[in-house]
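Both backbone and side-chain heavy atoms feed into the values below; hydrogens, waters and symmetry mates do not.
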Amino acid sequence: LLAPAGAEARPNIVFIMTDDQTASSTAVQRNVGLIKTQGTTFTQTIASYPLCCPSRATYLSGQYSHNHGVIHNAGPFGGYTRFDNSNALPLWLQQAGYRTMHVGRYLNGYGVQNPDITDVPPGWNDWVSAVGEQVFNYERWQTNEYGQIFNRPGPGHPGEHQTDFFGRRAAELIDQAAPSAQPFFLSLTFPAPHSGFPIESDDPALLPTPVPAPRHRDAFAGRPLPRPPNFDEADMTLKPQILADRPRLTPEWIAAIQENYQQELESLLSVDDAVGGVLNALERSGELDDTLLIYTSDNGFFHGEHRVTSEKVLPYEEGARIPLIMRGPGVPQGQELGQLVSNIDWAPTIVDAADARAGRLMDGNSLFELIGDPLSEPGREIVLENGVGANGVPMFRALRNQRYVWIEHKTTGEYELYDLRRDPYQLRNLEDLDSYAPIR
């Protein structure tokens with residue numbers, strides 16, 4: 001594998017992942033904006049299976065869902081126990097000499113599917129993970145820390161918001177690891193801005209919402225809901241059943257979507273504070289310039305587009321497009337790359353930077369190949385999939401390249417074809433047009 005251009009030694013690696021964050025929402029995050037200014041943004045990044053657990057398993061394996069076998073959030077086809085943790089990214093990095101640190105949420109079902117909730121997956125030197133049923137409770141949750149279970153927030157930090165807790169613990173681990181000559185890998189995976197508990201007085205009755213930190217509550221109360229051309233889409237005649245059966249959005253639904261959208265942005269402000277804490281810890285330890293930072297999300301999210309009120313797993317741009325920003329050794333500042341990349345590329349990039357050896361045949365490519373040759377075009381298709389009909393969405397398979405997306409709905413036998421250059425909002429299904437037969 002290629003070493004990152006200009007890197008004299010193996011860098012530390014900090015991988016930060018949110019849950020259900022859209023690419024456009026990074027605009028409200030000042031510290032994430034600093035990473036963007038000082039690094040490279042990949043403007044066309046696709047989650048190959050836009051759902052929490054399959055996407056996170058792809059992060060840990062570098063493989064498509066149909067190869068790593070996690071094709072749902074829950075059993076028997078998904079969740080923590082479905083994934084082979086004995087051959088995954090942290091072990092590869094550990095074997096390459098890295099100190100491996102996990103802070104945040106892990107795979108869905110961790111502490112629920114496994115009988116022993118004190119279980120720590122192999123490959124992690126440091127383990128601070130949300131565990132059990134309360135992963136998405138932002139005020140009261142449990143953690144597994146090095147095999148011991150704790151109720152949070154803990155003594156000395158009364159009222160601490162979950163996102164602040166994970167940000168604080170990540171910065172503390174950096175402070176511990178930085179004095180050593182051993183490089184470290186930090187995986188910081190936030191539940192935010194995923195919907196969660198407790199229910200607040202201003203939450204809409206129709207939709208679950210996240211829980212922003214108290215200091216950020218109502219920070220975006222005046223922010224209007226974006227209404228792109230496919231918002232509450234008027235004509236669904238040529239759309240498949242999974243969309244065409246959805247009713248037009250009522251004022252009550254639109255108000256609920258707007259409240260959820262605003263609270264998502266507010267919850268991302270505490271994520272941004274945590275990112276700032278990580279940057280400060282790296283800077284005060286003298287490790288910032290020697291650290292590769294990667295910021296991304298497991299999947300995108302819908303906010304009324306195609307009449308979808310609240311979802312992610314559907315094979316359309318709103319669910320599949322995610323943020324991806326890199327900063328560090330060998331990464332040019334202020335660069336934007338528009339080539340098509342995917343979550344299958346995260347693990348190959350990290351393995352490449354660490355000069356490690358993967359234990360699986362990975363499906364993705366190191367992003368340093370594009371960074372080193374920014375005018376190149378891989379010309380590949382990315383697979384989009386929903387293997388067993390997760391989240392009530394019937395099974396589909398799709399191919400997405402720079403211009404087109406072809407979708408096959410396996411349950412209903414319906415097809416879709418979109419020309420994203422001419423129709424970025426996927427309003428016109430071209431599946432029946434003779435002129436597009438060669439593309440099909």
Side-chain angles (χ1 to χ4, degrees), residues 18-29 47 50-52 55 73 136-138 163 190-213 216-236 239-272 297-323 386 390-394 418 423-427:
T18 54
D19 194 323
D20 292 356
Q21 182 175 4
T22 63
S24 61
S25 64
T26 59
V28 306
Q29 296 174 288
L51 184 66
C52 301
S55 182
N73 275 346
F136 294 110
N137 190 317
Y138 291 90
T163 304
F190 294 102
H194 194 288
S195 62
F197 296 95
I199 296 173
E200 300 169 288
S201 59
D202 60 346
D203 285 349
L206 295 175
L207 285 179
T209 66
V211 181
H216 298 136
R217 185 170 177 149
D218 294 330
F220 292 103
R223 176 69 63 99
L225 176 67
R227 300 196 184 193
N230 59 2
F231 179 83
D232 191 25
E233 191 169 341
D235 183 3
M236 299 282 241
K239 290 293 195 296
Q241 183 179 342
I242 189 61
L243 291 184
D245 286 351
R246 297 171 185 262
R248 296 295 299 272
L249 301 178
T250 64
E252 292 78 14
W253 271 110
I254 292 174
I257 295 167
Q258 173 148 342
E259 182 64 32
N260 180 50
Y261 168 73
Q262 291 168 341
Q263 290 193 30
E264 286 173 349
L265 295 182
E266 289 160 8
S267 69
L268 285 169
L269 294 180
S270 53
V271 170
D272 195 57
S297 178
D298 56 0
N299 49 254
F301 208 74
F302 287 81
H303 299 92
E305 301 90 351
H306 304 301
R307 304 184 195 172
V308 180
T309 57
S310 174
E311 187 53 271
K312 50 236 183 158
V313 73
L314 290 157
Y316 308 105
E317 293 293 280
E318 291 75 20
R321 292 284 286 270
I322 52 177
N386 177 5
N391 282 26
V393 176
Y418 297 101
D423 180 22
Y425 297 101
Q426 297 173 288
L427 296 169

Mind checking what makes side-chain hydrogen bond (donor to acceptor under 3.5 Å, both in side chains) contact with [X], not counting sequence neighbours?
{"X": "Asp203", "result": "Thr209, Gln263"}
{"X": "Tyr138", "result": "none"}
{"X": "Asn386", "result": "Tyr49"}
{"X": "Gln262", "result": "none"}

When rounded to the nearest 0.5 angstrom, what distance separates [atom1] in [X] from [atom2] in [Y]?
{"X": "Thr309", "Y": "Leu206", "atom1": "OG1", "atom2": "CG", "value": "8.5 Å"}
{"X": "Ser25", "Y": "Leu268", "atom1": "OG", "atom2": "CG", "value": "5.0 Å"}
{"X": "Leu265", "Y": "Arg223", "atom1": "CG", "atom2": "CZ", "value": "6.0 Å"}
{"X": "Glu233", "Y": "Leu249", "atom1": "CD", "atom2": "CG", "value": "11.0 Å"}

Among all residues two or more places apart in sequence or in another chain, which pass the side-chain contact (heavy atoms from CB on, under 4.5 Å) test with [X]?
{"X": "Pro208", "answer": "Ser195"}
{"X": "Pro424", "answer": "none"}
{"X": "Pro198", "answer": "Asn137, Glu139, Val211"}

Closest approach of [X] to [Y] (non-hydrogen atoms, all atoms of both residues):
{"X": "Asp20", "Y": "Ser297", "answer": "N-OG, 3.5 Å"}
{"X": "Ala219", "Y": "Leu269", "answer": "CB-CD1, 3.9 Å"}
{"X": "Ile257", "Y": "Gly304", "answer": "CD1-CA, 4.0 Å"}
{"X": "Ile242", "Y": "Gly392", "answer": "CD1-O, 4.4 Å"}
{"X": "Glu311", "Y": "Val393", "answer": "OE2-CG2, 4.3 Å"}

Requested in this report: Verify the distance criterion only: is there a donor paired with an acceptor across the side chains of Asn230 and Glu317 at less than 3.5 Å?
Outcome: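 No, no side-chain donor-acceptor contact under 3.5 Å.
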
Query raised in the report: With respect to His306, which candidate in Tyr425, Phe231, Tyr316, Tyr418 satisfies the ring pair (Phe, Tyr, Trp, His ring centres under 6.0 Å) definition?
Result: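 Output: one option passes, namely Tyr316.
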
Query - Crowding at CZ, Phe220 (>12 non-hydrogen neighbours, <6.0 Å) - result: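 For Phe220, atom CZ is crowded (more than 12 foreign heavy atoms under 6.0 Å).
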
Query - Within residues 242-272 or reaching into it, pairs that qualify as ring pair (Phe, Tyr, Trp, His ring centres under 6.0 Å) - sequence neighbours excluded - result: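 Listed by first then second residue: Tyr261-His303.
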
Query raised in the report: Restricting to pairs with a member in residues 243-272, which pass salt bridge (Lys or Arg N to Asp or Glu O under 4.0 Å), not counting sequence neighbours?
Result: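 The answer is Asp232-Arg248.
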
Report task. Verify side chain to side chain contact (heavy atoms under 4.5 Å, CB included) between Thr163 and Ser267, making sure each step is shown before the conclusion. Result -> CA-CA 9 Å; Thr163 304; Ser267 69; over 6 Å; no

Requested in this report: Could I get the full list of ring pair (Phe, Tyr, Trp, His ring centres under 6.0 Å) partners for Phe136, not counting sequence neighbours?
Outcome: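 Partners of Phe136 under the ring pair (Phe, Tyr, Trp, His ring centres under 6.0 Å) test: His194.
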
Report task. Please identify each residue that fulfils ring pair (Phe, Tyr, Trp, His ring centres under 6.0 Å) with Phe190, with sequence neighbours left out. Result ->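 So Phe190 forms no ring pair (Phe, Tyr, Trp, His ring centres under 6.0 Å) with any residue.
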
**Report entry** Leu51 and Lys312: CA distance, side-chain angles, deciding distance, side chain to side chain contact (heavy atoms under 4.5 Å, CB included) verdict
**Finding:** CA-CA 6 Å; Leu51 184 66; Lys312 50 236 183 158; 3.9 Å; yes

Report task. Quick one: list whatever passes salt bridge (Lys or Arg N to Asp or Glu O under 4.0 Å) with Arg307, sequence neighbours left out. Result ->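 With sequence neighbours excluded, Arg307 shows a salt bridge (Lys or Arg N to Asp or Glu O under 4.0 Å) to no residue whatsoever.
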
